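Bear in mind the structure is a predicted one, so any value in this text is a computation, not a measurement. As the structure lists them, so they are numbered: ligands from 1, and atoms in each ligand from 1.
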Amino acid sequence: MPAEVPGTVHTDLLAERRIEDPFFGKNEHQLQWIGERDWQYRSTLRAHAALLAREHIELVFEGLDTYASVQLDGTPLLSADNMFRTWRVPIKEALQRHAGDGVHELSITFRSPLAAGQEAYQRLGYALPASNDLGTPQLSMFTRKAPYHYGWDWGPRLITSGVWRPVRLDAWDRARIADLHVRTVSLDDERAELAIEAELEATWAGPARLDLLLVAGPPRAQPATLATVAVTLTPGSQLVRASARIEHPERWWPNGLGAQHLYTLEAALSLDTAAQPAAVQPAAPNSVDPSSVDPSSAAANSVDRRRLRIGLRTLEVEHARDADGKSFSVRVNGAPVFMKGANYIPMDSFLGRVTSARYEHLLRSAAAAHMNMLRVWGGGVYEDDRFYDLCDELGILVWQDFMFACSMYPGDPAFVDNVRREARDNVRRLRHHASLALWAGNNENEWAWQDWGWQERLPEPARSQVSAGYRRVFHEVLPEVVAQQDPGRFYTRSSPSANEDGVAANQPGLGDMHYWGVWGADEPYENYAKNVSRFMSEYGFQSFPELSTVARYAAPAEHRIDSEVMRAHQRHPRGHQLIARYLERDFRAPRDFDSYLYLSQVLQAHVIQFAAEAHRRRMPYNGGSLYWQLDDCWPVASWSSIDYYGRWKALHFCARRFFAPVLVSTSEDGGTVRVHAVSDRRTDSPARLALRVLDFDGHEHFHETRQLVLRANTSQLHFEAPAAQLLGGADRRTRLLVAELYAADPSRTDLAGAGPPEAEGRLSRSLHYFAKPKELRLPAPELRLERTAEQEGQVQLRISAQRLARAVRLSSDAPDGVFSDNYFDVLPGETLHVDYRGPASARLAVHSLRDTYA
Ligand code: BMA
């Protein structure tokens with residue numbers, strides 16, 4: 001069968017119509033055999049004379065999933081056992097051995113990861129705990145393969161095999177730059193001091209030169225040679241260290257705080273062949289992508305060159321004991337920066353399908369919602385280079401977990417050695433990125449080991465063995481690799497962790513926290529405000545995807561929340577029940593299936609907004625808020641704010657408001673209403689706070705305006721009053737408080753982000769209702785939707801309401817239509833403008849909360 005590289009067996013079988021779409025209906029269950037089989041990929045490789053004339057020919061696999069035996073013309077080349085490693089094998093001899101007509105057969109046999117896991121399990125003799133692996137027995141922890149492939153509480157069990165990342169031939173003569181690293185050692189307005197480390201590999205001996213060139217950068221940076229180092233090459237590997245300087249550096253800033261200036265540096269290695277006997281020919285350039293070669297480069301006749309794109313910034317993670325416990329916060333360029341963002345999971349069960357366009361859409365969507373950090377969660381993969389390049393460009397810092405999650409792992413020397421090599425490969429691949437903020441050992445393993453009853457289930461000596469294995473990997477090996485390969489970058493043992501022996505993980509006040517009391521433990525969502533720790537690295541709430549997404553996996557007959565297919569696309573054991581229960585607490589019963597999907601999204605947005613604002617109000621005690629989870633790997637009910645097809649859920653629209661650089665936030669506690677202003681800006685700015693109490697027909701019952709200064713990087717209480725006073729005797733169910741922040745200097749609205757154009761200078765709006773949504777006496781809003789202008793696939797819409805309209809939703813019958821804003825409240829008498837991009841023939845509709853009740 002034809003197969004695609006990069007790709008997976010599943011997608012090859014699908015392309016050949018040997019299997020049904022694994023994401024449709026319950027097909028997943030019929031496809032479990034794929035993970036139980038061995039698979040072989042074959043290809044031919046033509047070696048022309050010019051290639052064979054090269055001194056070194058190496059085959060590089062950027063990713064093999066997973067137990068792979070690679071053969072060339074039937075001779076074993078490589079035996080791989082880790083999806084996350086890069087494998088480089090010399091093949092010149094093998095090519096020469098079977099010279100023939102120059103056509104060689106490359107074959108890769110992938111052994112079933114389950115069969116290999118089963119063997120490792122038998123050898124160990126006891127089961128290791130894991131919470132999401134759907135297999136019996138659970139085998140995922142024995143294999144260095146993306147944990148989520150074995151099933152997760154938002155993902156199917158689809159155990160892939162295949163060549164999941166590119167394969168390439170590297171041919172070189174005499175010497176090459178095996179690796180290049182450039183680190184910023186100091187940075188101020190005058191200059192950036194850089195430490196350069198180049199790992200050279202040579203078979204040639206003699207004098208050589210390494211030039212470091214600045215080839216591209218911010219407009220003010222001129223191409224220049226930053227450093228030239230004389231090297232005496234000797235056969236083998238050698239490390240060359242040098243320093244360089246960039247004058248008047250332009251700093252890289254996280255999203256929202258400034259530009260993301262990036263500098264492209266190139267190292268060029270040239271050999272002084274004149275110093276060698278005449279028989280030696282000038283070196284031919286090694287395999288470089290010709291499109292990346294800058295003809296003006298000072299080292300045009302180099303033997304090898306390599307590029308890196310870096311950003312100049314400093315970054316520290318503060319994690320120290322203080323009066324309140326133990327901090328966890330990030331400083332960039334010397335200033336504390338509150339981290340706003342989400343947890344990221346792989347964008348597909350089949351990783352080869354994630355195109356550059358999909359990375360771009362997702363990460364641009366994150367940036368549009370003012371996110372400045374994503375956590376690449378430990379149950380997936382170390383992401384593709386494209387992911388980190390985009391994060392560099394968009395100002396999204398990356399919290400990078402090592403790939404271990406919710407499981408205990410073997411601790412034998414071979415496993416630990418494999419992990420060490422995997423960590424080294426990935427740390428070296430990613431360490432130059434401006435976006436890379438920190439490394440974390442694993443997801444929840446420490447907490448699970450201490451708190452989830454796992455130790456009690458394991459008899460001695462297994463328990464001590466597992467515990468020792470844990471310490472070996474997460475307290476020794478991984479921090480050692482980080483210290484050696486990426487010195488200065490922060491490492492946390494686990495998320496969550498207090499990073500202290502004998503101190504329990506996930507304690508309020510001690511480092512980062514995963515707060516699952518809401519959702520997991522069924523607590524009222526109001527508890528989010530009472531459980532703010534020093535950094536909220538996870539908290540989340542599920543919703544269903546919208547109908548157009550559901551329609552991709554469920555036939556119309558299955559369009560019932562409780563249908564078998566809807567259940568099959570809900571992987572949390574109590575997910576359906578929890579959504580229903582929380583819905584009942586705050587909303588009325590939905591009238592139909594579509595309304596149920598919609599309401600679940602409105603609920604999710606409502607709950608996460610409540611949490612995120614509570615976190616932001618507590619800055620700087622709290623240093624960040626990353627909700628669980630940004631995206632999906634298939635179409636499913638989950639905690640995501642963007643579904644598998646890239647569609648924004650209500651939560652994502654809402655995140656763009658609650659993560660705005662300046663936030664006005666209303667809250668009520670014990671009968672007192674408070675209004676905070678939170679600013680993430682680097683400088684103070686004057687603003688006006690406008691407060692109004694309205695009834696739902698639009699009559700104003702209270703009004704107050706205050707001039708204030710939004711202090712840089714501060715959360716400040718600006719108003720406080722008893723709810724009873726604001727209500728003035730009126731029924732709680734009939735009033736709302738509108739709090740709005742306006743720029744005193746309207747020219748600064750560019751910093752506001754999401755403000756709709758009609759709200760001249762408005763930075764942020766917060767609506768406080770004095771009763772739960774289900775209790776509100778919502779009038780018929782008389783919502784109107786009009787098309788005001790139309791051109792080139794873009795339609796301008798005007799939405800107005802006579803009376804209060806809650807959770808207004810615009811929809812289109814064209815599945816790929818996109819609204820510039822959605823899921824908002826329209827105040828009585830208000831008119832809003834929204835753009836729609838999609839087919840001109842699309843039928844557009846608008847409805848609000850009131851229309852969806854039974
Ligand atoms: C967490 C994560 C994931 C999980 C999510 C939702 O704690 O780390 O393991 O998918 O909760 O349950």
Side-chain angles (χ1 to χ4, degrees), residues 129-134 138 140-141 146-157 341-347 349 373-381 399-409 440-454 474 492-497 505-507 511-523 525 528 531 533 535-544 569-579 582 600 604 607-608 611 624-634 636-644 649 651:
S131 52
N132 290 282
D133 181 340
L134 294 173
Q138 295 176 313
S140 51
M141 67 291 282
Y148 80 107
H149 287 167
Y150 293 81
W152 214 268
D153 60 3
W154 36 257
R157 178 174 171 91
N343 286 269
Y344 168 86
I345 63 164
M347 290 170 66
S349 294
M373 179 176 264
L374 291 177
R375 170 171 175 243
V376 177
W377 165 81
V381 298
W399 166 317
Q400 180 67 51
D401 283 3
F402 286 96
M403 293 302 126
F404 301 88
C406 301
S407 310
M408 297 311 279
Y409 291 84
N442 61 66
N443 174 70
E444 295 183 347
N445 301 6
E446 180 181 323
W447 178 29
W449 185 241
Q450 292 165 351
D451 228 27
W452 298 1
W454 287 2
F474 301 105
T492 181
R493 292 168 176 177
S494 182
S495 181
S497 177
N506 220 23
Q507 298 292 304
D512 75 318
M513 187 173 192
H514 293 189
Y515 180 65
W516 286 102
V518 177
W519 182 261
D522 216 348
E523 293 172 18
Y525 74 84
Y528 278 133
N531 291 277
S533 190
F535 190 107
M536 304 305 291
S537 41
E538 275 189 22
Y539 60 99
F541 198 94
Q542 273 201 358
S543 69
F544 293 101
H569 287 248
Q570 161 64 272
R571 311 315 284 254
H572 188 275
R574 288 177 299 123
H576 267 49
Q577 186 192 335
L578 285 166
I579 293 175
Y582 279 92
S600 77
Q604 178 194 31
V607 163
I608 298 303
S625 179
L626 309 180
Y627 63 75
W628 182 269
Q629 72 205 60
L630 180 66
D631 57 321
D632 283 325
C633 70
W634 75 321
V636 65
S638 85
W639 300 261
S640 70
S641 63
I642 299 182
D643 76 21
Y644 174 72
K649 291 178 169 178
L651 173 56

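For a threshold of 3.5 Å applied to N or O pairs, the pair formed by Trp377 and ligand 1 contains at least one separation below that value. By the 3.5 Å distance cut-off applied to N or O atoms, Trp154 is counted among the residues near ligand 1. The shortest N/O to N/O separation between Asp153 and ligand 1 falls below 3.5 Å. An N or O contact shorter than 3.5 Å is missing between His572 and ligand 1 by distance.
Judged by the shortest distance from any of its heavy atoms, Trp639 lies inside the 4.0 Å radius around the atoms of ligand 1. Heavy atoms of Gly379 stay at 4.0 angstrom or farther from ligand 1.
The residue Gln629 has no part lying near ligand 1, judged by heavy-atom distances below 4.0 Å. Residue contacts with ligand 1 for Ser131 are absent, since no atom lies close enough (heavy atoms, distance under 4.0 Å).
For ligand 1, the atoms sitting less than 4.0 Å from at least one non-hydrogen atom of Cys406 are 9 (O), numbered in the order shown with element in parentheses. Counting the atoms of ligand 1 from 1 in the order shown, those under 4.0 Å from a heavy atom of Trp152 are 3 (C), 4 (C), 9 (O), 10 (O).
Protein heavy atom at the shortest distance from atom 11 (O) of ligand 1 is Trp516 CZ2, 3.3 Å. In terms of protein heavy-atom proximity, atom 1 (C) of ligand 1 is closest to Glu538 OE1, 2.8 Å. Shortest contact from atom 7 (O) of ligand 1 to any protein heavy atom: Glu444 OE2, 2.3 Å.
The aromatic ring centroids of Trp447 and Trp454 lie 6.0 Å or more from each other. Aromatic ring centres of Phe402 and Phe474 lie farther apart than the 6.0 Å criterion allows.
Residues Tyr539 and Ser625 share a closest heavy-atom pair of OH-OG, 2.6 Å. Summarising the geometry of Ala505 relative to Gln450, their closest heavy-atom pair is N-OE1, 2.8 Å, with the distance given to 0.1 Å.
In this pair, Trp519 and Tyr582 present their aromatic rings parallel. The plane angle is below 30°, not in the 30 to 60° band. Ring planes of Trp628 and Trp154: tilted class, angle from 30 to 60°.
Judged by distance alone, with hydrogens and angles left aside, the side-chain atoms of Asn531 form no donor-acceptor pair with the main-chain N or O of Tyr515 at under 3.5 Å.
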Inset, instruction - Might you work through the side-chain hydrogen bond (donor to acceptor under 3.5 Å, both in side chains) test for Asn443 and Arg375, ending with a clear yes or no? - result: CA-CA 11 Å; Asn443 174 70; Arg375 170 171 175 243; 2.8 Å; yes
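Annotation: side chain of Trp452 is not in contact with side chain of Asn445 (no heavy-atom distance under 4.5 Å).
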